[in-house]
Amino acid sequence: MKCDRRSAWLYLLPLTCLFLTCVASVQAQKIRVEYNKKQDFSGFKTYSWMKQSANSHPFMVMDIMGEVDDQLQSKGLTKTTGNPDLLVNAYGALDGSLNVSYDVNVYAMPGLDGPWWDEGNPGAIGHGSAAVLIDKGTLVIDVVERSAKKLRWRGVAQANIDPDQQEKSLEIIEKAIIKMFKQYPSK
């Protein structure tokens with residue numbers, strides 16, 4: 001069967017459009033995960049959420065927490081209200097930039113520039129600050145070793161999110177969380 005140029009273009013045009021759409025959506029979302037690969041995560045069995053502050057998008061917060069719960073549980077961790085091995089903290093900025101402060105009694109929150117550990121000393125942590133600036137469209141998930149009060153794993157997602165399109169925004173956020181936790185150490 002002989003194919004002319006015009007029919008070849010008609011065949012390739014939908015595939016090209018699909019490819020460009022996929023590339024654009026991948027480029028619109030940046031995922032960065034940081035943790036010390038020498039850290040042994042096998043001793044961490046339980047987790048709990050840190051107290052979340054009031055938020056102007058409570059349903060989005062609930063969705064984020066639910067997706068993170070799903071991902072941590074798929075890694076073999078159990079959510080508890082007792083004394084967990086790990087504490088989980090999620091924070092982000094949807095409508096504009098945001099300063100997030102931390103409680104030094106829980107952990108020292110390093111800035112987002114990372115890396116925040118010292119390869120020579122896996123227990124060391126970079127300098128924390130009283131507040132971290134979160135740019136619009138950024139979601140940060142910190143996993144902290146409760147007893148040591150040290151950050152052990154961090155996922156950062158940056159995407160173009162439109163607060164007026166909540167369903168689409170939630171879909172983008174959920175996909176970002178799934179991508180982050182693909183890089184969470186398995187037991």
Side-chain angles (χ1 to χ4, degrees), residues 30-55 57-58 60-94 97-135 137-159 173-187:
K30 294 180 185 176
I31 305 294
R32 187 176 83 237
V33 172
E34 297 176 357
Y35 67 98
N36 184 342
K37 293 176 179 49
K38 295 177 184 176
Q39 172 73 44
D40 180 12
F41 280 72
S42 65
F44 303 136
K45 309 279 186 214
T46 59
Y47 75 95
S48 183
W49 280 91
M50 292 177 61
K51 182 175 169 64
Q52 300 295 305
S53 59
N55 190 292
H57 302 283
M60 193 167 284
V61 171
M62 289 173 28
D63 193 65
I64 289 168
M65 291 175 74
E67 188 60 50
V68 171
D69 283 342
D70 289 348
Q71 295 302 312
L72 287 171
Q73 290 166 12
S74 75
K75 298 293 185 178
L77 293 164
T78 303
K79 187 175 178 179
T80 184
T81 56
N83 289 322
D85 301 319
L86 300 171
L87 294 171
V88 181
N89 192 16
Y91 46 96
L94 183 63
S97 295
L98 173 73
N99 278 314
V100 178
S101 60
Y102 69 93
D103 181 353
V104 72
N105 294 320
V106 178
Y107 74 111
M109 181 187 295
L112 297 182
D113 297 331
W116 38 260
W117 67 88
D118 179 352
E119 287 291 339
N121 178 5
I125 190 166
H127 292 77
S129 64
V132 174
L133 177 66
I134 307 298
D135 290 327
T138 302
L139 172 66
V140 181
I141 300 173
D142 286 345
V143 178
V144 176
E145 183 179 357
R146 184 187 56 81
S147 62
K149 299 180 182 180
K150 294 187 189 254
L151 181 62
R152 294 300 183 201
W153 184 94
R154 171 178 275 171
V156 180
Q158 295 173 314
I173 291 168
E174 288 172 0
K175 287 179 181 179
I177 293 169
I178 291 167
K179 284 182 185 178
M180 278 184 207
F181 279 94
K182 283 184 178 179
Q183 298 180 55
Y184 188 89
S186 297
K187 294 184 175 192

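Partners of K182 under the side chain to side chain donor-acceptor pair (under 3.5 Å) rule, at least two apart in sequence or in another chain, do not exist in this structure.
Side-chain contact between I177 and L139: present, with at least one pair of heavy atoms (C-beta onward) separated by less than 4.5 Å. The shortest distance between side-chain heavy atoms of V33 and Y184 does not fall below 4.5 Å. Contact annotation: the side chain of E174 approaches that of D63 to within less than 4.5 Å [non-hydrogen atoms, C-beta and beyond].
Nearest heavy atom pair, residue F44 against residue R152, reads CZ-CG, 4.4 Å. Across all non-hydrogen atoms, the minimal contact from E145 to L86 is CA-CD2, 4.0 Å. Between A157 and M180 the shortest heavy-atom distance is CB-CE, 3.4 Å. Looking at every heavy atom in both residues, K149 comes nearest to V144 through C-CG1, 4.2 Å.
Here the CE-CD1 distance, from M60 to I173, works out to 4.5 Å after rounding to the nearest 0.5 Å. Distance OH/Y47 to OG1/T80: 10.0 Å, rounded to 0.5 Å. Of the inter-residue distances, the one linking F181 atom CZ with E67 atom CD reads 9.5 Å to the nearest 0.5 angstrom. Taking NZ of K45 as the reference point, atom CG of L77 lies at 8.5 Å (rounded to 0.5 Å). Considering NZ of K75 and CZ of F41, their distance stands at 11.0 Å, rounded to 0.5 Å. Residue I141 holds its CD1 atom at 10.0 Å from CG of N89, rounded to the nearest 0.5 Å.
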Original post:
Between V143 and Y35, does a side chain to side chain contact (heavy atoms under 4.5 Å, CB included) hold up when you go through it step by step?
Top reply: CA-CA 10 Å; V143 178; Y35 67 98; over 6 Å; no
Original post:
Can you check side chain to side chain contact (heavy atoms under 4.5 Å, CB included) on K30 and R32, steps first, answer last?
Top reply: CA-CA 7 Å; K30 294 180 185 176; R32 187 176 83 237; over 6 Å; no
Original post:
What do the steps show when you test M65 against W49 for side chain to side chain contact (heavy atoms under 4.5 Å, CB included), and what is the final call?
Top reply: CA-CA 8 Å; M65 291 175 74; W49 280 91; 3.5 Å; yes
**OP:** Show your reasoning for whether side chain to side chain contact (heavy atoms under 4.5 Å, CB included) applies to N83 and R146.
**Re:** CA-CA 8 Å; N83 289 322; R146 184 187 56 81; 3.5 Å; yes
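Within the 3.5 Å criterion, the main-chain N or O of T46 finds a donor-acceptor partner in the side chain of D85.
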